[in-house]
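To start, the structure itself, in C-alpha cells.
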Amino acid sequence: MKYLIVGLGNIGPEYELTRHNIGFLTVDRLADKEGASWKSNRLAFKTEIKYKGRSLHLIKPTTYMNLSGKAVNYWMKELGIPKENILVIVDDVAIPFGKLRMRVKGSAAGHNGLKNIEDLTGGQDYPRLRMGIGDNFPKGRQVDYVLGRFSQQEFDELPMMMDKAIDMIFGFCTIGISQTMTQFND
C-alpha cells in the first residue's frame, strides 16, 4: 500500500517556524524520527519511509502554500496514489492551538492551500489532518498571525502536538481513517 503524506507550508527561512508551516514541521519531524532525508524533486521536497509494510511518500511542496495543489496533483498521479490514500497536514485557525482533527473530506474553509488542492485534484474528497493554531489575533490580522512565529509557550508544546499528529499519520496508514478519527480526534 502506498500513501502520500503532504505537509503544507511555505519554503524559505523567513517562513520556517511560522504557524502556517506546521505541516512542513510535522513531516520534518516524522522524517527525522525515521532517519529519512529529503531530496529536492519535482515541485516538492520528497522522502519515503516504510511503516508496517506500507510505503509513505512524504512531500513538502515547493510551490508555496497557495499553489500546493500543483505538487499534490503531480505526485498523486506520478505515484499512482488514489485520493483516499492522500493525507494533507494543514494549519487551522478555527481549531484551538494543540487540538488535532482528521477528516475524510471537507471544505477549504478559506485556506488557500486547501482551495488550490481542491481545484487541481477535482474536489474536497481527500483526507486532511487539521492542526489547530488558534485564532489569537485582532480582526483583519489573520495573515500576520498565520505567517507569524509561534509564541514561546506554543513552541514548547509543539513537539507533543507533532508527535500526536505522527501517531495519527501512522493510524491513517494502518488502521484506517475512521478508527484513527475515533481514537485521536480532539
Q: Determine which pairs satisfy side-chain hydrogen bond (donor to acceptor under 3.5 Å, both in side chains) with at least one residue from residues 85-98, sequence neighbours left out, and list them in order.
A: H20-D91, D91-H111, D92-R130
**Q.** Side chains of V6 and P61 in contact at under 4.5 Å (non-hydrogen atoms)
**A.** yes
**Q.** Pairs involving residues 25-62, ordered by first then second residue, that meet ring-ring contact (aromatic ring centres under 6.0 Å, His included) (sequence neighbours left out)
**A.** Y51-F170
(Q) Using a 3.5 Å distance criterion without hydrogens, assess whether the side chain of N73 forms a donor-acceptor pair with backbone atoms of T121. (A) no
Q) Are T47 and K39 close enough that some pair of their side-chain heavy atoms sits under 4.5 Å apart? A) no
Q.
Does K99 have more than 12 heavy atoms from other residues, nucleotides or ligands lying within 6.0 Å of its NZ?
A. no
Q: Taking side chain to side chain donor-acceptor pair (under 3.5 Å) as the test, write out the residues that go with D163, two or more places apart.
A: R29, K33
(Q) Using 0.5 Å steps for rounding, measure from the CD1 atom of I86 to the CG atom of L4. (A) 5.5 Å
Q | Euclidean distance, I133 CD1 relative to L158 CG, rounded to 0.5 Å | A | 11.0 Å
Q) Taking atom CG of L30 and atom CD1 of I5, what is their separation to the nearest 0.5 Å? A) 8.0 Å
Q. L114 versus R128: any side-chain heavy-atom pair under 4.5 Å?
A. yes
Q. Looking only at atom types and distance, does a side-chain atom of N21 sit under 3.5 Å from a main-chain N or O of G9, one as donor and one as acceptor?
A. no
Q | Neighbour count above 12 (heavy atom, 6.0 Å) for N136 CG | A | no
Q | salt bridge (Lys or Arg N to Asp or Glu O under 4.0 Å): pairs with one or both residues in residues 12-28, sequence neighbours excluded | A | R19-E154, D28-K60
Q: If a pair satisfies ring-ring contact (aromatic ring centres under 6.0 Å, His included) and one of its residues is in residues 75-97, list it, with sequence neighbours excluded.
A: none
Could you list the donor-acceptor pairs under 3.5 angstrom formed by side chains in residues 100-110, with sequence neighbours left out?
from : atom 1 : to   : atom 2 : distance (Å)
R101 : NE     : D186 : O      : 3.1
S107 : OG     : A109 : N      : 3.2

**Q.** Contact check, side chains of P127 and Y3, non-hydrogen atoms, under 4.5 Å
**A.** no
Q) Should Y74 and L67 be regarded as members of a common hydrophobic cluster, given that ILVMFWY residues are connected when their side-chain heavy atoms come within less than 4.5 Å of each other, either directly or indirectly? A) no
Q: Using the rule that two of Ile, Leu, Val, Met, Phe, Trp, Tyr join whenever any of their side-chain heavy atoms come within less than 4.5 Å, decide whether M181 and V90 are in one cluster.
A: no
Q) Under 4.5 Å between any side-chain heavy atoms of L8 and I117, yes or no? A) yes
(Q) Tell me whether M76 shares a hydrophobic cluster with V88, the cluster being built from Ile, Leu, Val, Met, Phe, Trp, Tyr side chains joined at under 4.5 Å. (A) yes
**Q.** Any residue meeting side chain to side chain donor-acceptor pair (under 3.5 Å) with K83, in chain and number order, not counting sequence neighbours
**A.** D125
(Q) Would you compute the distance between atom CG of N116 and atom OG1 of T63 and round it to the nearest 0.5 angstrom? (A) 7.0 Å
Q. Which atoms form the tightest heavy-atom contact between A165 and T26, and what is the distance?
A. CB-CG2, 3.8 Å
(Q) Enumerate the ring-ring contact (aromatic ring centres under 6.0 Å, His included) contacts for residues 138-169, please, sequence neighbours excluded, ordered by first and then second residue. (A) F137-Y145
Q | Distance, nearest 0.5 Å, that separates CG of L129 from NZ of K164 | A | 9.5 Å
**Q.** Selection residues 41-51 - residue pairs positive for salt bridge (Lys or Arg N to Asp or Glu O under 4.0 Å), sequence neighbours left out
**A.** E48-K50
Q. Please, which pairs that meet salt bridge (Lys or Arg N to Asp or Glu O under 4.0 Å) have at least one residue in residues 134-150, sequence neighbours excluded?
A. R141-D144
Q) How far does CD1 of I169 sit from CD1 of I49, to the nearest 0.5 angstrom? A) 8.0 Å
Q: Decide yes or no for E84 and I177: does some side-chain heavy atom of the first lie under 4.5 Å from some side-chain heavy atom of the second?
A: no
Q.
Please say yes or no: joined through hydrophobic side-chain contacts below 4.5 Å, possibly via intermediate residues, are F184 and M160 part of one cluster?
A. no
(Q) Under a 3.5 Å cutoff, is there a donor and acceptor pairing between the side chains of Q153 and E157? (A) yes
Q.
Taking G113's backbone N and O only, do any of them form a donor-acceptor pair with S68's side chain (distance below 3.5 Å, no angle check)?
A. no
Q) Are side-chain heavy atoms of I95 and M131 found at a separation under 4.5 Å? A) no
Q | Sub-4.5 Å side-chain heavy-atom contact between V146 and T18 | A | no
Q | ring-ring contact (aromatic ring centres under 6.0 Å, His included) involving Y126 - partner list, sequence neighbours excluded | A | none
Q.
Quick test of your reading: applying salt bridge (Lys or Arg N to Asp or Glu O under 4.0 Å), list the pairs with at least one residue in residues 68-79, sequence neighbours left out, ordered by first then second residue.
A. none
Q. Are V27 and L56 linked, directly or through other ILVMFWY residues, by side chains that come within less than 4.5 angstrom of each other?
A. yes
